[in-house]
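Keep in mind it's a predicted model, so treat the numbers as computed, not measured. Each chain gets a letter, A, B and so on, in the order its sequence line appears, and its residues count up from 1.
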Amino acid sequence: MKWTETLIATLREDPQEAEIPSHRLMLRAGLMRKLASGLYTWLPLGLRVLRKVENIVREEMDRAGALEILMPILQPRELWEKSGRWESMDAIMLKARTHGGRELVLGPTHEEVVTGLVAGEISSYRRLPVNLYQINTKFRDEIRPRFGVMRSREFIMKDGYSFDLDEAGADRSYRLMYEAYQRIFRRCGLEAMAVEADTGMMGGRESHEFMVPAETGEDEIAVCPGCGYSANVEQAAVREGQFNGARTGEAVREVPTPGLRTVEELAEFFSASPRRFIKTLIYLAGGKPVAVLVRGDREINESKLAKKLGGAQPVLADGETILRVTGAPLGFSGPVGLEGIGILADYSVAEIADGITGGNREDLHLVNVNIDRDCPGLEFVDLALAAAGDPCPSCGKPIAVRRGIEVGHVFKLGTKYSRALGAVVKDEAGGERPAIMGCYGIGVSRTVAAVIEQHNDDRGIVWPAAVAPYQVLVLALAPDQPGVPEAAEEIISALAPTGRDILYDDRPASAGVKFNDADLIGFPVRITVGKRFLRTGLAEVKHRASEEVHTVPPEEVPALVDRLLA
RNA sequence: CGGGGCGUAGCGCAGUCCGGUUAGCGCGCACGGUUCGGGUCCGUGAGGUCGGCGGUUCGAAUCCGCCCGCCCCGACCA
């Protein structure tokens, strides 16, 4: 392909809208353009990368025995009512209505459709297992799209769904996908790690996220340097604590604290560590208030809380509710004497000796609170968000917390959808059983961004060969000089049998412009021919990643390119 | 949804506070010349509903009101 015959539009300056490297570089290198917030057009160069990632995904899915299908993006309301998600996922769904009044949703995911499909097509255990996948556009009305294609409203996703007769089969399917994912990300040139994860809106039991470690990632991962345990911090268990010291045995005392509401302000006022505070949060879960206790230096993990509360997403209560429930405005809640409301306490609270907490009266706090004495009968559970330095749930050594980009997610779904949508099969004994499902997603467009996050330098992108838009750039300097285009063509012909993707920069631009564009876009190998070639008969071959430069005659180029791209 | 910022040529920006020539600069683009191994240089030129609507005023990019879009932070940690 000649540069002058395709559409490559690089930007000389950083676009003002882009913050993180991948977003900035995808715009600057001309991979994509924004249409509106969270919506991007893929330009020829970017689309080539996207297709390469898709093809790697496709090859590995096929290799693992999955079958590719293509489902509609628009899905009927009825299907979503069967699973109960027409309501529960309303926040991220874009709904539409036809002229005839038929209600549809732009699919944020496809469990309902695929399960409905299997319900209709498969009725015997003999046809299981089956694993169906597609590579298709998803739409999620994100609260806040950001970082370009990293969190967009519309994005390309590979989603796959396995159906098995029994748990053992479902475990096998899960394992196959887990392994396929490791191959996929490795082939894309990504360093990705599988971490234990929360199942979130999908439901189900076991789940792993595939994370690409990156400072700019939106997720936090708890990693144990000791035993290799790793989990999303939302998922990481925080171990039961111990009492942290002797109590004085003194009675609870009331202390006026006018206007002091935050742990920070109170810690200063009492000259006490935040670890001495019993932070009392009033949540609303399914409209019902509940008091949640955690040590002052810790944060609540709402995903753990949701599970303890039976699944409803808890939201912090408004000031009015707090006043009604505790008798005091926000900032003065405490567990002592709190009645008419459920109380959940995090393990960390059990540790606190002679603690400080709200007095459930405006401008009043209590000191010398010992939870076992002053709030007898509380149950202590794990509600805390894991933090760096916490003991590893597996081996007890202190964990580290790193940031990462979630590029893939695998779930064991169980029978939630197969029951709801009637994906049942006859078993050997003639009985009916719901298929046991798994679902497996890869954010394909996000993976492109993740590759760039991991492979860039101050000059631009440094593509891994497997996903580069073109693996080789043949760059002609002074292409109007007799002999130069001929030399370029000769090298391109010599490379043709290798099957490499080759772009030929035939623009009559200055050397600096062409070299800078080459570096910005990040072609793995650049071959330069110009007047120097006419003089010496040698082409310059440069490897983007290592900056190795070789000067060789055209006939040696293919072997050298093979070596550099190996 | 809350807070902050921004919106002037394809891109990056100045001008707005303090209203007053034909609204500027750099890049890019077109044409001519020049140069030719790391964003050449010179010249000529095209390109603008100053986000939109309304208001104030003799006069609005500039002041006021409403709306829209985009980016960032947060989404209540008591």
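- Listed by chain and number, the residues in a side chain to side chain contact (heavy atoms under 4.5 Å, CB included) with Ser88(A) are Arg85(A) (sequence neighbours excluded).
- Mapping Leu260(A) and Leu520(A) onto RNA chain B by nearest heavy atom places Leu520(A) closer to the 5' end of the strand.
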Which pairs, protein N/O on one side and nucleotides 73-76 of chain B N/O on the other, fall under 3.5 Å?
| from | atom 1 | to | atom 2 | distance (Å) |
| --- | --- | --- | --- | --- |
| C73(B) | OP2 | Arg144(A) | NH1 | 3.1 |
| C73(B) | OP2 | Arg144(A) | NH2 | 2.4 |

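- Interface remark: the Asp519(A) side chain does form a donor-acceptor pair with the G38(B) base, using a distance-only criterion of under 3.5 Å.
- Summarising the local packing, CD of Glu320(A) is surrounded by 12 or fewer heavy atoms from other residues, nucleotides or ligands at distances under 6.0 Å.
- If you check G10(B) for Watson-Crick or wobble pairing at under 3.5 angstrom, you find it paired to C27(B).
- For the C1' atoms, the distance from G19(B) to C1(B) is 37 Å, rounded to whole Å.
- Checked options Glu215(A), Glu453(A), Glu220(A); the residue passing with Arg403(A) is Glu220(A) (criterion: salt bridge (Lys or Arg N to Asp or Glu O under 4.0 Å)).
- The pairing partner recorded for C36(B) is none, the criterion being a Watson-Crick or G-U wobble arrangement whose two distances lie under 3.5 angstrom.
- Of the residues in residues 471-479 of chain A, Leu477(A) come within less than 4.0 Å of RNA chain B through at least one heavy atom, sorted by number.
- Summarising the base pairing, C17(B) is matched to no nucleotide, lacking a Watson-Crick or G-U wobble pair whose two defining distances lie under 3.5 Å.
- Pairs passing the salt bridge (charged side-chain N to carboxylate O under 4.0 Å, His left out) check and including a residue from residues 475-492 of chain A, sequence neighbours excluded, do not occur.
- For G47(B), there is no paired base (Watson-Crick or G-U wobble, both distances below 3.5 Å).
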Close N/O contacts between protein and nucleotides 3-7 of chain B (under 3.5 Å):
none

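- A salt bridge links Lys307(A) with Asp198(A): the distance from a Lys NZ or Arg NE/NH1/NH2 to an Asp or Glu carboxylate oxygen falls below 4.0 Å.
- In this structure, the side chain to side chain contact (heavy atoms under 4.5 Å, CB included) partners of Phe270(A), at least two apart in sequence or on a different chain, are Val255(A), Thr257(A), Leu266(A), Ala272(A), Phe277(A), Ile356(A), His365(A), Val367(A).
- The aromatic rings of His23(A) and Tyr40(A) stand perpendicular to each other, their planes meeting at an angle above 60°, with 30° marking the opposite boundary.
- Ionic pairing of Asp382(A) and Lys308(A) is not present here: no N-O contact between side-chain nitrogen and carboxylate oxygen is shorter than 4.0 angstrom.
- For residues 279-298 of chain A, every residue pair satisfying the salt bridge (charged side-chain N to carboxylate O under 4.0 Å, His left out) rule, not counting sequence neighbours, is listed here: Arg275(A)-Asp297(A), Arg295(A)-Asp297(A), Arg295(A)-Glu351(A), Arg298(A)-Asp390(A).
- A heavy atom lying under 4.0 Å from RNA chain B marks the following residues of residues 22-37 of chain A, by number: Arg28(A), Lys34(A), Ala36(A), Ser37(A).
- With Asn370(A) contributing its side chain and Arg373(A) its backbone, the two residues share no donor-acceptor pair below 3.5 Å.
- Every residue meeting the side chain to side chain contact (heavy atoms under 4.5 Å, CB included) condition with Thr6(A), not counting sequence neighbours, appears here in chain and number order: Met1(A), Ile8(A), Pro44(A), Leu503(A).
- Screening residues 20-49 of chain A for salt bridge (charged side-chain N to carboxylate O under 4.0 Å, His left out) gives Asp14(A)-Arg24(A), Asp14(A)-Arg28(A), Glu17(A)-Lys34(A), Arg48(A)-Asp501(A) as the qualifying pairs, with residues at least two apart or on separate chains.
- For G65(B), the paired nucleotide is C53(B), the pair qualifying as Watson-Crick or G-U wobble because both relevant distances are below 3.5 Å.
- Taken to the nearest 0.5 Å, the CG atom of Leu316(A) stands 11.0 Å off from the OG1 atom of Thr321(A).
- Out of G38(B), C71(B), C36(B), the shortest distance to the side chain of Arg459(A) is found at G38(B).
- Panel note: side chain Arg151(A), backbone Arg144(A); no donor-acceptor pair is recorded below 3.5 Å.
- The P atoms of C73(B) and C64(B) are separated by 29 Å, rounded to the nearest whole Å.
- When the C1' atom is compared between U57(B) and G65(B), the two are found 16 Å apart, to the nearest whole Å.
- Residue Arg153(A) places its CZ atom among more than 12 non-hydrogen atoms of other residues, nucleotides or ligands, all under 6.0 Å distant.
- In the set C36(B), G38(B), G39(B), G39(B) carries the atom at the smallest distance from any side-chain atom of Asp517(A).
- Taking the C1' atoms as reference points, C63(B) lies 16 Å from G15(B), given to the whole Å.
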Identify all pairs in which a protein N or O lies below 3.5 Å from an N or O of nucleotides 40-51 of chain B, and state each distance.
| from | atom 1 | to | atom 2 | distance (Å) |
| --- | --- | --- | --- | --- |
| U40(B) | OP2 | Ser510(A) | OG | 2.5 |

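- In this structure a side-chain-to-backbone donor-acceptor pair under 3.5 Å is present from Asp506(A) to Thr4(A).
- Computed from coordinates, the Glu17(A) CD to C71(B) P distance equals 7 Å when rounded to whole Å.
- Scanning residues 292-300 of chain A for heavy-atom distances under 4.0 Å to RNA chain B yields Glu299(A), Ile300(A).
- In this structure, the NZ atom of Lys304(A) is 15 Å from the C1' atom of C77(B), given to the nearest Å.
- Residue contacts for Asp318(A): at a heavy-atom cut-off of 4.0 Å it reaches no nucleic acid atom on any strand shown.
- Gln235(A) places no side-chain N or O within 3.5 Å of a backbone atom of Asn232(A) that could act as its donor or acceptor partner.
- Residue Leu323(A) holds its CG atom at 11.5 Å from CD1 of Ile282(A), rounded to the nearest 0.5 Å.
- Under the 4.0 Å criterion applied to side-chain N and carboxylate O atoms, Arg544(A) and Asp457(A) are assigned as salt-bridge partners.
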